[in-house]
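Below is one structure, written out as structure tokens; the observations come after it.
All heavy atoms count here, side chains included; hydrogens, waters and symmetry mates do not. Order of appearance sets the numbers: ligands from 1, and atoms from 1 within every ligand. None of the values given here were measured: they were computed from a predicted structure.
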Amino acid sequence: MKTALVCGAGGFIGGHLVKRLKSEGYWVRGADLKEHQFSKTVADDFIIGDLVNEEICKKALSLESGDKFDEVYQLAADMGGAGYIFTGENDFNVMHNSASVNLNFTNLNGRYKKIFYSSSACIYPEEIQLDTDNKGLKEGDAYPANPDSEYGWEKLFSERLYAALNRNVGSEVRIARFHNIFGPEGTWTGGKEKAPAAMCRKVAECSDGGEIEIWGDGEQTRSFLYIDECLEGIRRLMDSDFMEPVNIGSEEIISINALAEMAAEIAGKSISLKHIEGPLGVRGRTSENSLILEKLDWAPSYPLKEGMKKTYKWIAEQVEKNKGQG
Ligand code: NAD
């Protein structure tokens, strides 16, 4: 039986990844600061602890059999949506905590056979994302580097750390740049939620004919990838022999206004948009998928609207549950 350690298993993508690996027959250990917020883990073992502490990482990597883990998925990061990353108030934590976890796992390279690292579209330079009609970010666009947030700089540093581990030590690494992953069982309120979840929540909370708030003019564009496609990309990349950073994202670009309208249409509500000041991030961003298609013979294709339908359904249920508690 193959073994996998999922770091960040109490989070959104990690929680889904545990389920996916279990469905593939793996023995899985999860590790996180906290248990999963929305569902009971299906991991065979789960360690609660701070991976900034190297001793906790060693514990997470120790198997009773004395064997090395076949696969480690390093998804733990101090992160959030624009309301967390772009205000500047969390910069030190974001850089220090996430980099420490990655330094620990690269240092402990003798204790696993292969490691996956989740980087982000946030590593791409700000100046090539100033237009709403972004043509798609190619992997080679990362340099000369100029990410627009400390979160992006830490991701870039850690990508390079894993790449150097491969070059100098020969460790097997896989590096993906995720572009805005969304779906059920993700953060949907509290400031760390991403745009699809925020739009679904605002629409679910709003009555028919009401108004929701949008940060900025709402013309900023993004692409969003449904969670199942992200998991498919992770697993295909892990099984490939490609060691360089590759985008895992959608090429379906949409403005935030149109995303809000999509959520309203799914809900069957007529809703108007009120534009207010708020943290924005770059003006336009989407994935360019030639590299993943070339290397994995696969690229995401699931329509945004289908993913939004599933996400809206789940968030509307959470909103109802919360009302019940309030
Ligand atoms: P998430 O915040 O839901 O999950 C991250 C998990 O890491 C959390 O449960 C958190 O408690 C845990 N964690 C953080 N610091 C830790 C520490 N010191 N010790 C132990 N656990 C710790 O985020 P997510 O959306 O599931 O993202 C997973 C990974 O993918 C992250 O590395 C993130 O940067 C990357 N990523 C995500 C997106 C996206 O759109 N969701 C986009 C780009 C990159």
Flag side-chain contact, heavy atom, 4.5 Å: Lys113 against Glu71: no
Residue shell for ligand 1, any heavy atom closer than 4.0 Å, reads Gly8, Gly10, Gly11, Phe12, Ile13, Asp32, Leu33, Lys34, Gly49, Asp50, Leu51, Val52, Leu75, Ala76, Ala77, Met79, Val101, Ser118, Ser119, Ser120, Tyr151, Lys155, Phe178, Asn180, Ile181, Lys194
Between Leu273 and Ala260 the two heavy atoms that sit nearest each other are CD2-CB, 3.8 Å
For Ser290, the side-chain hydrogen bond (donor to acceptor under 3.5 Å, both in side chains) test, sequence neighbours excluded, returns Glu288
Please set out all donor-acceptor pairs under 3.5 angstrom arising from side-chain atoms of residues 128-139, sequence neighbours excluded.
{"unit_1": "Gln129", "atom_1": "OE1", "unit_2": "Arg285", "atom_2": "NE", "d": "2.6"}
{"unit_1": "Gln129", "atom_1": "OE1", "unit_2": "Arg285", "atom_2": "NH2", "d": "3.1"}
{"unit_1": "Gln129", "atom_1": "NE2", "unit_2": "Tyr124", "atom_2": "O", "d": "3.1"}
{"unit_1": "Gln129", "atom_1": "NE2", "unit_2": "Pro125", "atom_2": "O", "d": "2.9"}
{"unit_1": "Asp133", "atom_1": "OD2", "unit_2": "Lys135", "atom_2": "NZ", "d": "3.0"}
{"unit_1": "Asn134", "atom_1": "OD1", "unit_2": "Gly136", "atom_2": "N", "d": "2.8"}
{"unit_1": "Asn134", "atom_1": "ND2", "unit_2": "Ile128", "atom_2": "O", "d": "3.2"}
{"unit_1": "Asn134", "atom_1": "ND2", "unit_2": "Gly284", "atom_2": "O", "d": "3.1"}
{"unit_1": "Lys135", "atom_1": "NZ", "unit_2": "Asp133", "atom_2": "O", "d": "3.1"}
{"unit_1": "Glu139", "atom_1": "OE2", "unit_2": "Asn247", "atom_2": "N", "d": "2.7"}
{"unit_1": "Glu139", "atom_1": "OE2", "unit_2": "Asn247", "atom_2": "ND2", "d": "3.4"}

Would Leu51 end up clustered with Ile48 when hydrophobic side chains under 4.5 Å apart are linked, directly or stepwise?
no
Sequence neighbours excluded, the answer for side-chain hydrogen bond (donor to acceptor under 3.5 Å, both in side chains) partners of Asp44 is Lys22
